[in-house]
K.L.:
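Dropping the structure in here first, questions after.
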Amino acid sequence: MPYDFNNVEKKWQDNWNNNKSFEAKTDNSKQKFFCLEMFPYPSGALHMGHIRNYSIGDVLARFHRKNNKNVIYTIGFDSFGMPAENAAIKYKTKPHDWTLKNIDYMTQQLKRMGYSYDWNREAITCLPEYYKWNQWFFLQMYKKGLVYQKEAPVNWCDTCGTVLATVTKKNLKQWFIKITDYAQELLSDIDKKLDPGWPKRVRIMQTNWIGRSEGARLKFNVPDLNYDIEAFTTRFDTIYGVTFIALAPEHELVKIMRDKLNHDDAEKLNEFVKKVTSQSSIERSDAKADKLGFKTPFYGIHPITGKKIPIWIANYILIDYGTGAIMGVPSGDQRDFDFCRKYNIPVIPVIKPEDGEIFDGDKMTQAYEEYGIVCNSGEFDGLKTEDAIKIMIDWGEKNGYCKREINFKLRDWLISRQRYWGTPIPFVYCDHCGVVPVPEDQLPVRLPEDVEVKEVGHSPLLDLPDWLNTTCPKCGGHARREADTMDTFFCSSWYFDRYCSPHDDKAPFESNDVNYWMPVDQYIGGIEHACLHLIYARFFAKFLNDIGLTNFREPFTNLLTQGMVIKDGAKMSKSLGNTVDPTEIVNKYGADTVRLFILFAAPPNNDLEWSERSVEGANRFLGRVWRLVEDNLENLKAHNKIVPIDEIQSPDAKEFKRKIHDTIINVTRDIKEEKQFNTAIARLMELANAIYSFNENDDTANNLKREAVDVLLNCLSPFCPHITEELWEMLGHEKYLCDENWPCADEKSLVRDSVMIVVQINGKVRGKISCQANLSKENLEAEILNDPDVKKRLDGKNILKIISVPDKLVNIVVK
RNA sequence: GCGGAGGUGGCGAAAUGGCAGACGCGCUAGACUUAGGAUCUAGUGUCUUACGGCGUAGGGGUUCAAGUCCCCUCUUCCGCACCA
């Protein structure tokens, strides 16, 4: 009978389910393994990227279960977010209904793949049981002083009055979390705790994202305005080279200056600021873009020389880095240099190359940004840059000119979304008391589900007076709910903790459970989350530890970032129209085939080129495995004795036995250490080939074949769990294969008594000679030199040197 | 520009400094077949009739031995990119 994957796969999915094969239970006496995949957004259907991600995870979960680990492995849905609102408009439905329908469908798809999830632990973030705890965490952060409100720009569409990725910017009061309080630890732990469990690439991306730089903060007094401009610099050693001060157009001093100007000048300034701030962030942050400046009539006093330094406003100064103002040193900074040449601002060289002359400020064609020797800087002349930075800041601090400071690129976490489909932020605005947190016993602040999302306009929450109007928890007077909802990264920052105690209704989770299961032993997902999600989740872990809920500060010990699924040279995506629907392929070939293909075609880190031809190849292999058992079933069933290696006479049979155990070693290493599933599968194909071509037929041989088939099925089962269970059962095993221990290699069977020695002459392969194994170097050399072929080749030549690697190779150097 | 990862047959890919191309796809030939897009067998880097030579982006180096280590160049992909 050919392999009927439809019935077989369904049968085993039911069996596992009825048997509760994959249920995880907290048990402190067992070693745990937390296998986690980035949970999907319920966009409608699974795509191949999901299939790849989850097939990798399932192999690891099943493998570790077989190796006596207490495995927790489950899934959920990251189910808040904008697409649900867009879909609600498009399909005239409600985000809630659309989302739950998609979750239903995708759940069916996941089950059809045979992933060994503990479905009891599923977490769905858009349900109040889950998002209640988002609100609770937010309040805990508020209590710790980590939550604040601040005006911040959003992209505002004037015509439709909604937040969109176009048109103008508008300032709104928004909620932030002070993730920057954790910047240093987030950075330090990258080296301390994530190396080597995380890919170097991700560690570097996070390091850059956090962007630490050391320097000093200094002040320029502006006498006319009675104001101190603060600036941050990493090159305090170039302080004598300052020829201008530049402010970001958004700097608060700009408004102060404008108010001091006459009408015409104020207009000009306004015009400039308007022009520059209306540039898109892409335009403004392009290093090649034109630098635009506006010279104000004001000046600041150089803290050391006392000189008057003109103040400019410039588009290349960013308000949200450092202080939003810089000391301009054109001789040492290319950006400042470009700016000065454009606006004829003088250039004073303050660093010269170690073996060069002092530059001529008027003739320099570019800034000198390298380290060198300090010049034109009074008493500091002659210092090397590396020393000067330290010495000059020390001196500056002592004399009150500057203060050491460390700056990060990492920004605080903007939580507010002017959107409906998200976790309501648990605050109210009271007419008397101001901004008031919702008391914890009143959580969750429920998101109304029965709402219509309209194409134009603001969040539908603003149209629900019953929801919006409430009473102040403090004074009982009238209050209005915060209508902003939370960034969905909030949901995804702790869902894995929830997996550990999914049904807790008294707390987000039980510390006992979380402390047992966490941290995650293996996290698997796409590289696109390298910075945001993975940094937010790390921050959350540190915060939860700070408030005493957990005993760990990093959530993910090991991270695997799988490559994209490619078709026709481009990432599979709806917009490119090059997607392949997993359901179609599963219907055609079965889940085991799809899993096998996707794991075999490339190592997990590489991009994977979709090829239906190769899918057929995977399917063909499973057919071979099926027939291997079915065509020999009676014979295999009748021979289930393990024959020890020393009872085997025939060399071929010995070699076959060795192959079986060699396979166990290699497959185990490939899965466990290398996570190279493609090579693990290749080994299993080799074993299958070896079984087919082993054509001895006595009792020993038949017992060996049975041993080989058992190993093959067991080792293949994490990849292709259904077909292997079925064949396992056909062979008469009573226990489910998923509960069976991973096979253990027999050391004695691995030993060879003869080995092929590669013979090289002057480094070129000139032959292979079979020798007894474990010969000493001397004996090996003697053996090889005695070989007639070798003798012939060496005839008349002078042997200069012999290199021998026991059991492997002999290289004879001759002249 | 800075940083990172790559470049191996027709293709996806293998190779603790020790036989380059395991395994698979494709292709060629054959077998079995009414049939073959099933299955099985054999072959498949390249030049050469052969012996053998040449081959891991290119060039140099270290070594008895280099895809692997070192230096330079080219190239592809990814991340960051006015971060003071």
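Here is the naming used below: chain letters follow the sequence lines, and residue numbers restart at 1 for every chain. Because only heavy atoms are used, hydrogens play no part in the values below, and waters and symmetry mates are left out as well, while side chains stay in.
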K.L.:
Heavy atoms under 4.0 Å, any strand shown: does A/Ser611 hit a base, just sugar-phosphate, or nothing?
P.N.:
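Since no nucleic acid heavy atom lies under 4.0 Å of A/Ser611, the category is nothing.
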
K.L.:
Determine the interatomic distance between P on B/C78 and the same-named atom on B/A42; round to the nearest Å.
P.N.:
43 Å

K.L.:
What do you reckon, is CH2 of A/Trp413 surrounded by more than 12 foreign heavy atoms closer than 6.0 Å?
P.N.:
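For A/Trp413, atom CH2 is crowded (more than 12 foreign heavy atoms under 6.0 Å).
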
K.L.:
Nearest whole angstrom, please: distance from the C1' of B/G79 to the CD1 of A/Ile535.
P.N.:
13 Å

K.L.:
So A/Phe694 and A/Phe656, would you call those rings parallel, tilted or perpendicular, with 30° and 60° as cut-offs?
P.N.:
parallel

K.L.:
For B/A14, take OP1 and OP2 only and decide whether either is under 4.0 Å from a side-chain N or O of A/Arg683.
P.N.:
no

K.L.:
Rounded to the nearest Å, what distance is computed from the CG atom of residue A/Asn606 to the C1' atom of nucleotide B/C78?
P.N.:
13 Å

K.L.:
Under 3.5 Å, side chain of A/Asp412 to main-chain N/O of A/Ile179, donor-acceptor pair present?
P.N.:
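Confirmed, A/Asp412 side chain pairs with A/Ile179 backbone.
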
K.L.:
Determine the contact category for A/Val813: base if any of its heavy atoms lies under 4.0 Å from a base atom, sugar-phosphate if only primed atoms, P, OP1 or OP2 are that close, otherwise nothing.
P.N.:
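Sugar-phosphate contact only - A/Val813 comes under 4.0 Å of backbone atoms but never of a base.
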
K.L.:
Does the side chain of A/Asn689 get closer than 4.0 angstrom to OP1 or OP2 of B/G24 through an N or O atom?
P.N.:
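Yes, because at least one side-chain N or O of A/Asn689 sits under 4.0 Å from OP1 or OP2 of B/G24.
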
K.L.:
Taking B/C80 as the reference, what is the distance to B/A66 when you measure between their P atoms (whole Å, please)?
P.N.:
41 Å

K.L.:
With heavy atoms under 4.0 Å as the rule, sort A/Arg203 into base, sugar-phosphate or nothing.
P.N.:
nothing

K.L.:
Expressed in whole Å, how much space separates the P atoms belonging to B/U68 and B/U8?
P.N.:
14 Å

K.L.:
Quick one: label A/Gly617 by what it contacts on the DNA or RNA (base, sugar-phosphate, nothing), any heavy atom closer than 4.0 Å.
P.N.:
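Sugar-phosphate: the residue A/Gly617, judged by heavy atoms under 4.0 Å, touches backbone atoms but no base.
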
K.L.:
What is the distance, rounded to the nearest whole Å, between atom CZ of A/Phe244 and atom C1' of B/A84?
P.N.:
10 Å

K.L.:
Can you tell whether the side chains of A/Glu616 and A/Arg613 come within less than 4.0 Å, N to carboxylate O?
P.N.:
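Between A/Arg613 and A/Glu616 there is no salt bridge, as every charged N stays at least 4.0 Å from the carboxylate O atoms.
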
K.L.:
Could you identify the nucleotide paired to B/G21, looking across every strand shown and requiring Watson-Crick or G-U wobble geometry with both distances under 3.5 Å?
P.N.:
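Paired with no nucleotide.
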
K.L.:
OP1 or OP2 of B/C40 sitting under 4.0 Å from any side-chain N/O of A/Arg627?
P.N.:
yes

K.L.:
Could you state the CD-C1' distance from A/Glu673 to B/U16, rounded to the nearest angstrom?
P.N.:
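A/Glu673 atom CD is separated from B/U16 atom C1' by 13 Å.
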
K.L.:
Establish, for the pair A/Lys291 and A/Phe339, whether the NZ or CZ atom is under 6.0 angstrom from the six-membered ring centre and no further than 45 degrees off its axis.
P.N.:
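Because its charged atom misses either the 6.0 Å distance or the 45° angle limit, A/Lys291 does not stack over A/Phe339.
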
K.L.:
Got a donor-acceptor pair under 3.5 Å from the side chain of A/Asn811 to the base of B/C64?
P.N.:
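Check passes, donor-acceptor contact within cut-off.
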
K.L.:
Who is the Watson-Crick or G-U wobble partner of B/G9, with both distances under 3.5 Å?
P.N.:
none

K.L.:
Between A/Asn678 and B/A14, is there a contact of a side-chain N or O with OP1 or OP2 at under 4.0 Å?
P.N.:
yes

K.L.:
I need the CG-P distance between A/Asp670 and B/A14, as an integer number of Å.
P.N.:
10 Å

K.L.:
Please verify the inter-ring angle class for A/Phe489 with A/Tyr536; under 30° counts as parallel, over 60° as perpendicular, anything in between as tilted.
P.N.:
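Ring orientation, 0 to 90° scale: tilted.
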
K.L.:
Calculate the interatomic distance between A/Ile210 atom CD1 and B/A81 atom P; express it in whole Å.
P.N.:
14 Å

K.L.:
A/Ile204 near the nucleic acid: base, sugar-phosphate alone, or nothing, with a heavy-atom cut-off under 4.0 Å?
P.N.:
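Result for A/Ile204 = sugar-phosphate.
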
K.L.:
Considering just the side-chain nitrogens and oxygens of A/Thr679, establish if one lies under 4.0 Å of OP1 or OP2 belonging to B/A13.
P.N.:
no

K.L.:
Check whether any side-chain N or O of A/Arg620 sits under 4.0 Å from OP1 or OP2 of B/G26, and answer yes or no.
P.N.:
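So the side-chain polar atoms of A/Arg620 do come within 4.0 Å of the phosphate oxygens OP1 or OP2 of B/G26, strictly under.
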
K.L.:
Does the structure show a Watson-Crick or G-U wobble partner for B/C27, both distances under 3.5 Å? Name it, or say none.
P.N.:
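Here B/C27 is engaged in a pair, and the nucleotide opposite it is B/G43.
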
K.L.:
My understanding is that a pair needs two contacts under 3.5 Å, Watson-Crick or G-U wobble. By that rule, which nucleotide pairs with B/G3?
P.N.:
B/C78

K.L.:
Pick the closest RNA chain B nucleotide for A/Glu616 and for A/Asn762 by heavy atoms, then say which residue is nearer the 5' end.
P.N.:
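Final value for this comparison: A/Glu616.
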
K.L.:
Is A/Glu609 touching bases, backbone alone, or none of the nucleic acid, heavy atoms closer than 4.0 Å?
P.N.:
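No contact.
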
K.L.:
Any side-chain N or O of A/Lys764 under 4.0 Å from OP1/OP2 of B/G18?
P.N.:
no

K.L.:
Base, sugar-phosphate, or nothing: which does A/Asp320 touch, judged by heavy atoms less than 4.0 Å apart?
P.N.:
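Contact class for A/Asp320: none.
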
K.L.:
Rounded to whole Å, please give me the gap between NZ in A/Lys409 and C1' in B/A81.
P.N.:
8 Å

K.L.:
Find the distance A/Lys808:NZ to B/C64:P and express it as a whole number of Å.
P.N.:
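Interatomic distance, NZ of A/Lys808 to P of B/C64: 19 Å.
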
K.L.:
Using a cut-off of 4.0 Å on non-hydrogen atoms, how would the nucleic acid contact of A/Lys768 be classed: base, sugar-phosphate, or nothing?
P.N.:
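Base contact - A/Lys768 has a heavy atom under 4.0 Å of at least one base atom.
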
K.L.:
Find which nucleotide of RNA chain B each of A/Lys801 and A/Pro603 is nearest to by heavy atoms, and output the residue with the more 5' nucleotide.
P.N.:
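Taking each residue's closest nucleotide, the earlier one in sequence belongs to A/Pro603.
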
K.L.:
Can you tell me if A/Arg624 touches the phosphate of B/C40, counting only side-chain N or O atoms and a distance under 4.0 Å to OP1 or OP2?
P.N.:
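Yes, because at least one side-chain N or O of A/Arg624 sits under 4.0 Å from OP1 or OP2 of B/C40.
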
K.L.:
Taking the basic N atoms (NZ, or NE/NH1/NH2) and the acidic carboxylate oxygens, is any pair closer than 4.0 Å for A/Lys342 and A/Asp290?
P.N.:
yes

K.L.:
When all nucleic acid strands are considered with a 4.0 Å heavy-atom cut-off, which category describes A/Val765: base, sugar-phosphate, or nothing?
P.N.:
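Sugar-phosphate, backbone atoms only, no base.
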
K.L.:
I'd like to know if the side chain of A/Glu783 pairs up with that of A/Asn779 as donor and acceptor (distance under 3.5 Å, no hydrogens or angles considered).
P.N.:
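Looking only at side-chain atoms, A/Asn779 and A/Glu783 do not form any donor-acceptor pair under 3.5 Å.
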
